[in-house]
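Every chain is numbered from 1 and lettered A, B, ... according to where its sequence line falls, protein lines coming before strand lines.
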Protein chains: 2
Amino acid sequence: MPTIKDVAREAGVSIATVSYVLNKKNNFVSEKTRQQVLEAIQRVGYTPNTTARNLKANQTRLIGYAWHKIPDYHHVNPMMDSFIYYLAQAAEASGYHLLTFTHPSGKPEPVYDEMIRSGRVDAFILAETIRDDGRIEFLRSIDYPFVCFGRSNPDWDFPWVDTDGQTGMREAVNYLVEMGHRRIAMAAWPEGSISGDFRTAGYVDGLVNAGLPVRAEYLVRGEHNEQTGREAVRYWLEMPSAERPTAIVAVSDIVAIGILNEIEERGMIPGRDLSVIGFDYTPLVQYLRPALTTIEQAIPETGQALMRMLEAVLNKDDSVPMQLLLPPQLIPRNSCGAPP
Amino acid sequence: MPTIKDVAREAGVSIATVSYVLNKKNNFVSEKTRQQVLEAIQRVGYTPNTTARNLKANQTRLIGYAWHKIPDYHHVNPMMDSFIYYLAQAAEASGYHLLTFTHPSGKPEPVYDEMIRSGRVDAFILAETIRDDGRIEFLRSIDYPFVCFGRSNPDWDFPWVDTDGQTGMREAVNYLVEMGHRRIAMAAWPEGSISGDFRTAGYVDGLVNAGLPVRAEYLVRGEHNEQTGREAVRYWLEMPSAERPTAIVAVSDIVAIGILNEIEERGMIPGRDLSVIGFDYTPLVQYLRPALTTIEQAIPETGQALMRMLEAVLNKDDSVPMQLLLPPQLIPRNSCGAPP
DNA sequence: TTGTAAGCGTTATCAC
DNA sequence: GTGATAACGCTTACAA
């Protein structure tokens, strides 16, 4: 690879001059010299070496992004995977690249620490944040630049972008209410997860807004899998038919799929006998029969917002708000209808 | 961040000595000095700066991986997304990280060129290779290190790992034959795609092996979407029932989903009236009713094999075979049964 | 066994 | 306007 020296020799100038024309500001280089240098750069096919630049500037223009551990390879979270694609695009638009890394499930902080100490990256983007997130605690404690996709402890002040799951769920309930439903249930995650709790809160908000009672037996909780949806349906179908919910909102698409499956196996028709709404806009759920009504997160916008925020953090620009809630969007399909 | 100088000062030795103990080989450093240095490293919390190391060594220990353009964010290919996760893991095991980048759909080569010229990466991993792949042509022409997930032109000599779709499909047909099927159809992609053509060839192999006729009307081609599966079923259902296929292999899960959906909408039961096999092991297809029998690619192994191969390329180690076909695995679920 | 110093490819300060 | 040159943090001949 040609270096700045080759260009200097070719143009008959010093390497300093080449560097001047490259880093346009201070353009006190004479037009004639500038042209010579530019032509020489063309001729030798020169591109400045990033590593050398980085060493000088003490930066990498690399942003660390950790892959979240997945137990089994078909259990990927499709939403997160499309997120990182848009994140990569947004990063490039700002002259950064994503450097991906993995870490053992229990202890991520040492890996982040190592990335920092070795000067591998300039900042991090964290996804799938949790309550008391050790990564956030750690990065805050050493004042290292980062932004998060997802919230954490409410009393922690740090930059994040998140989907407004509470509003999303409230609107889902509202959508069902307007269709005529009065007995609306929710299949939720166990208490304690941030986004799960916001979604559950939105469900309650929706009921309250509509003047509907909040009934404990209409809220069933379980893990993030198909089984949870199935068990919830079994539970509700045991209720006398006048008590039974006529519509169900699920905390996630995978839970909604379990609901759909159990409903059908009980000989009922989802969307007619029982309406169902998912959450996540997972690929393929559009091809279920009935196609699943779901709530779509603003994934491309999230990536862009995160990068905007991260640049503000890196440039110590405090004109950019450091918390951003992005409204999701209800995607009506065929799994909802008027109550029977 | 502490530098090697800080350690040297702390330990009362020269920076060269620190460097010697760091780069263990040539361990002619006295045990006493070594201990002093090690302790100093601990005390000041030193980790060598990667950028400086890289500048010296003229490397980055970064592998470029381009995200393939996706038209719409729910059209991600889940298989590819889990692939890159395993790839990242394998890379780290070899001391590399993945540097991701994107490129405009038409012209990837200039972006690869730029990454090389600016010294951003040491090598590339290409995925979703095609016939006459310009990236392969380009990287071969400048003799830059890379490995591919996927084959390309048969007369090109370059390192690749690929799923043996031909064998996979042959075994799928064989599986159906053993269940008693004699009229087996395939919903394929248009001729010209590499993996599509191998899968189609495997279908034909399977028929021939079983002594079954290869009937043109049993092979329907269409794009990679749900509609293709639906149209294929409509076509076959117009045949007189004694002629109709009793089983269908699909070139991909999404096509298989279309098949499943159309079958059900015609009032038939997949797995009983008509057996169906997909290809890709897409997440969620296990939750379809019936759960889709599909062919699983060896994704983790592919990532590992690619990294092994890439290291061989980088170290000019020619003991490692530069072409590797990995057998996929049939995952029996409920979408197949004996012919009616 | 350890230290000195050159050099990796830049940028930027200082002379001229 | 332009050119030496130091410096970024490290590795490694070579000298001691």
Side-chain angles (χ1 to χ4, degrees), chain A residues 1-41 44-62 95 114-122, chain B residues 1-41 44-62 95 114-122:
Chain A
M1 282 293 123
T3 75
I4 199 170
K5 283 184 189 167
D6 299 312
V7 178
R9 190 177 333 105
E10 179 76 16
V13 298
S14 74
I15 62 166
T17 304
V18 177
S19 182
Y20 293 144
V21 342
L22 244 34
N23 306 285
K24 313 190 190 284
K25 54 206 158 201
N26 305 346
N27 56 342
F28 41 60
V29 180
S30 75
E31 197 47 42
K32 179 162 157 279
T33 313
R34 147 173 272 103
Q35 285 310 323
Q36 281 173 21
V37 170
L38 257 20
E39 282 163 23
I41 287 174
V44 306
Y46 168 73
T47 307
N49 179 284
T50 307
T51 306
R53 275 197 160 162
N54 286 345
L55 178 60
K56 194 88 233 295
N58 191 28
Q59 52 155 30
T60 62
R61 301 211 68 94
L62 251 26
E114 181 60 24
M115 300 288 287
I116 294 169
R117 313 200 76 80
S118 60
R120 257 294 184 204
V121 299
D122 292 345
Chain B
M1 281 296 123
T3 74
I4 199 171
K5 283 185 190 167
D6 300 313
V7 178
R9 189 176 336 103
E10 179 78 13
V13 298
S14 75
I15 63 167
T17 303
V18 177
S19 182
Y20 292 143
V21 344
L22 246 31
N23 306 285
K24 311 188 192 285
K25 56 205 158 201
N26 304 346
N27 55 342
F28 40 62
V29 181
S30 75
E31 196 48 41
K32 179 162 158 277
T33 314
R34 148 174 270 102
Q35 285 310 324
Q36 282 173 20
V37 170
L38 256 19
E39 281 163 23
I41 287 175
V44 305
Y46 169 74
T47 307
N49 179 283
T50 308
T51 307
R53 276 199 159 159
N54 287 344
L55 179 60
K56 191 91 234 300
N58 190 29
Q59 52 154 31
T60 62
R61 301 210 67 94
L62 251 25
E114 181 61 23
M115 299 288 287
I116 294 169
R117 311 200 76 78
S118 59
R120 257 295 185 203
V121 298
D122 292 345

N/O (side chain, A/Ser30) to phosphate O (OP1/OP2, D/dT2) under 4.0 Å: yes
Distance test, side-chain N/O of B/Lys32 to OP1/OP2 of C/dT1, below 4.0 Å: no
Measure the distance from [atom1] on [X] to [atom2] on [N] and round it to the nearest whole Å.
X: A/Asn23; N: D/dG1; atom1: CG; atom2: C1'; answer: 16 Å
X: B/Leu22; N: D/dC10; atom1: CG; atom2: P; answer: 8 Å
X: A/Asn54; N: C/dA12; atom1: CG; atom2: C1'; answer: 17 Å
X: A/Arg53; N: C/dT11; atom1: CZ; atom2: C1'; answer: 9 Å
X: B/Ile4; N: C/dT2; atom1: CD1; atom2: C1'; answer: 14 Å
X: A/Arg34; N: D/dG1; atom1: CZ; atom2: P; answer: 11 Å
X: A/Asn49; N: D/dC8; atom1: CG; atom2: P; answer: 19 Å
X: A/Phe28; N: C/dT13; atom1: CZ; atom2: P; answer: 10 Å

Tell me what [X] touches on the nucleic acid: a base, only sugar-phosphate, or nothing, going by heavy atoms under 4.0 Å.
X: A/Asn58; value: nothing
X: A/Thr47; value: sugar-phosphate
X: A/Thr3; value: sugar-phosphate

Degree of bending in the helix from C/dT1-D/dA16 to C/dC16-D/dG1 once both end axes are built from five pairs, to 10°: 50°
side-chain contact (heavy atoms from CB on, under 4.5 Å) partner of A/Val18, the single match among A/Thr3, A/Asp6, A/Val7: A/Val7
Atom [atom1] in [X], atom [atom2] in [Y]: separation rounded to 0.5 Å?
X: A/Ile116; Y: B/Thr47; atom1: CD1; atom2: OG1; result: 10.5 Å
X: B/Glu114; Y: B/Arg117; atom1: CD; atom2: CZ; result: 8.0 Å
X: B/Leu22; Y: B/Arg34; atom1: CG; atom2: CZ; result: 10.0 Å

Polar atom pairs between nucleotides 3-7 of chain D and protein, under 3.5 Å, N or O only, would you list them?
residue	atom	partner	partner atom	Å
D/dG3	OP2	A/Ser14	N	2.9
D/dG3	OP2	A/Ser14	OG	3.3
D/dG3	OP2	A/Thr17	OG1	2.5
D/dG3	O6	A/Tyr20	OH	2.5

First of A/Thr51 and B/Glu31 reached from the 5' end of DNA chain C, by closest nucleotide: B/Glu31
A/Asp122: partners by salt bridge (charged side-chain N to carboxylate O under 4.0 Å, His left out), with sequence neighbours left out: none
With B/Thr50 via side-chain contact (heavy atoms from CB on, under 4.5 Å) - residues at least two apart: A/Ser118, A/Arg120, B/Asn54
Anything under 3.5 Å between a donor and an acceptor, one on a side chain of residues 10-17 of chain B, the other on a protein residue two or more places apart or in another chain? List them.
residue	atom	partner	partner atom	Å
B/Glu10	OE2	B/Arg43	NE	2.6
B/Glu10	OE2	B/Arg43	NH2	3.3
B/Ser14	OG	B/Ala16	N	3.3
B/Ser14	OG	B/Thr17	N	3.3
B/Ser14	OG	B/Thr17	OG1	3.2

Partner residues of A/Gln35 under the side chain to side chain donor-acceptor pair (under 3.5 Å) criterion, sequence neighbours left out: A/Glu31
Residues in side chain to side chain donor-acceptor pair (under 3.5 Å) contact with A/Ser19, at least two apart in sequence or another chain: A/Asn23
